[in-house]
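The structure under discussion appears below in the form of structure tokens.
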Amino acid sequence: MPIGNHAIVIGGSISGMLAARVLSESFAHVTVLERDRYGDGPALRKGQPQGWHVHLILARGRMELERLFPGLGPDLEAAGAVCFQWSEGARVNGPFGWLPDYTSDRLLVRGSTRALLDWHVRDHLLRLPNVRMEEGCAVKGLLTDPSRRAVTGVRVARDSGDSEIYGDLVVDTSGRASASLKWLEEIGCAAPPESVVDCHLAYSCRWYEAPKDASPGWKLISTQPKAPDDPLSAAIFPIEGDRYIGGLATIGLKSVPDDDAGFLELAKSLRTPEFHAWFSAAKPLSPIYTFRQAPNRVRHFERVPNLPDRYLPMGDVVGTLNPIYGQGITLAALSALTLGDSLARASGPDPLSAAVRSHLQRLPREVYATPWIMAALGDSLWPGTTIAVQSRFQRRLLREPWLWLFRRFSVAINRMAAEDPELARGLMEVMHMIKPPAEVLNGRLMRRAFWRMFRAPRPVPGVVPAPSR
């Protein structure tokens, strides 16, 4: 039985489409309002977040996407997405060396452009009879009841003119550059407090045709930074059409290169030579695209005392994590599934309002808590990181002496991972959000790590080529 008649979703992003998918089970009608137009096939859109850049969907995110849209995986592969087991196809250079070979059948991933993924998610969503998407429709503000205590719809601008759309629930997934705070201010709502940890990441990406004579023995190759003195990282990732996306990232710099010479020079600075050799031999298919302003940011809407009823922020409106960790789409899927569960559990005289309140409380606790603290701790190890968090516990955790202890622990764990296939597998399963950290960092491993924390470190080898399979 529907919990409401009409739900409105602001934004046709992945987060918006996943929200619409779960809302379709609880509302008679769902309308997605998208400012851009999709066109006749997969193509980059103006408002698509970082559409030219590497978009790695973690194994957990892939699983949840296919849970929400059965058949999505085969459709993507038929369109050219590259499918492989991370344990077999990915070569990862950790802070203290290449991770050893390990086996895991839980880390299936697909490489594709963001445009291809969005197109097929949209196609599956619009197969639902009670969901429609209005393109070329920009939201300009929120509508409320006379008391301003409940949102009743949105004001929109179309080519044909401005109008109003009414609904029982407005889900705001309008993204990182959303005007949400302005809309809320217009109706007298206080701004949510924010937690921010910003290591000042910047990165450059480019599309390539792979070298014709290359036989690298990998599908994906990446190298990770090593705090506090090696801020560079890189990845080369396969996409449809026998193409690759290659990216370089650095922490703490104000700019990254957007020219050929600067890009190759930065690649030469990496501690492993494979990337410079590959970039030098591959044929570029695009300009170099740069991206900055990628902090870990969570807005605590659950703490806003006068947040209007029937309004639910989700996706990047609520939280964005450092994109180097690749968690965005996975968090969007988990947020949508949590919303579906909140709606299914709702009861009382006003079950819809109860579901919205429940979801706002569950998001920071059940969806963002672990990824946020892992990203915040990792980024806090870099000199110059900006830290401004709301939680008293986190304020204490993200400063000395706890950061000193975490720094030593991180070194010990990463040294062990370069030698121990079981630990390497566990860390990759944590990274892909298949396992919680506590399941891998058990008592036996913690004792080993603490023993190594205070042992004299062995010298780290210099440039070491990637192992081949």
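When a residue number appears, it is its place in the shown sequence, counting from 1.
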Next on the checklist: Enumerate the salt bridge (Lys or Arg N to Asp or Glu O under 4.0 Å) contacts for residues 179-205, please, sequence neighbours excluded, ordered by first and then second residue.
Outcome noted: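 Residue pairs passing salt bridge (Lys or Arg N to Asp or Glu O under 4.0 Å), neighbours aside: Arg155-Glu186, Lys182-Glu186, Glu194-Arg297, Glu194-Arg299.
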Next on the checklist: Show every salt bridge (Lys or Arg N to Asp or Glu O under 4.0 Å) that has at least one partner inside residues 321-334, sequence neighbours left out.
Outcome noted: none
Next on the checklist: List the residues meeting ring-ring contact (aromatic ring centres under 6.0 Å, His included) with Tyr244, not counting sequence neighbours, and say none if there are none.
Outcome noted: Trp278
Item to check | Counterpart residues, ring-ring contact (aromatic ring centres under 6.0 Å, His included), relative to Phe69 (two or more places apart) | outcome: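 Checked Phe69 against ring-ring contact (aromatic ring centres under 6.0 Å, His included); zero matches.
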Just to verify, what does [X] make a side chain to side chain contact (heavy atoms under 4.5 Å, CB included) with, not counting sequence neighbours?
X      : result
Pro383 : Pro228
Val318 : Phe301, Pro313, Leu363, Tyr368
Val389 : Ser195, Val197, Trp372, Ile387, Gln394, Arg395, Leu398

Applying side chain to side chain donor-acceptor pair (under 3.5 Å), name anything that partners [X], two or more places apart in sequence or on another chain.
X      : result
Ser342 : Arg362
Arg357 : none
Asp259 : none
Asp145 : Ser147

Flag, side chain of [X] to backbone of [Y], donor-acceptor distance under 3.5 Å:
X      : Y      : answer
Ser233 : Gln224 : no
Arg206 : Ser286 : yes
Thr223 : Ala234 : no

Using only heavy-atom distances, determine whether the side chains of [X] and [Y] contain a donor-acceptor pair under 3.5 Å.
X      : Y      : value
His359 : Asp341 : no
Glu366 : Thr338 : no
Ser353 : Arg310 : yes
Asn322 : Asp379 : yes
His200 : Thr385 : no
Asn130 : Ser24  : no

Next on the checklist: Does atom CZ (Arg392) have a neighbourhood of more than 12 heavy atoms from anything else shown, all under 6.0 Å?
Outcome noted: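 No, not enclosed.
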Checklist entry - How are the rings of Phe275 and Phe279 set relative to one another: parallel (under 30°), tilted (30 to 60°) or perpendicular (over 60°)? => result tilted
Next on the checklist: Quick test of your reading: applying side chain to side chain donor-acceptor pair (under 3.5 Å), list the pairs with at least one residue in residues 431-441, sequence neighbours left out, ordered by first then second residue.
Outcome noted: Glu429-Lys435
Checklist entry - Is NZ or CZ of Arg243 both nearer than 6.0 Å to the six-membered ring centre of Tyr208 and within 45° of the ring axis? => result no
Checklist entry - Which residue, Arg122, Arg35, Arg158, forms the salt bridge (charged side-chain N to carboxylate O under 4.0 Å, His left out) with Glu135? => result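 For Glu135, the salt bridge (charged side-chain N to carboxylate O under 4.0 Å, His left out) check succeeds only for Arg122.
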Next on the checklist: Which heavy atom of Val317 sits nearest to which heavy atom of Ser180, and what is that distance?
Outcome noted: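 The pair with the smallest heavy-atom distance is CG1-OG, 3.7 Å.
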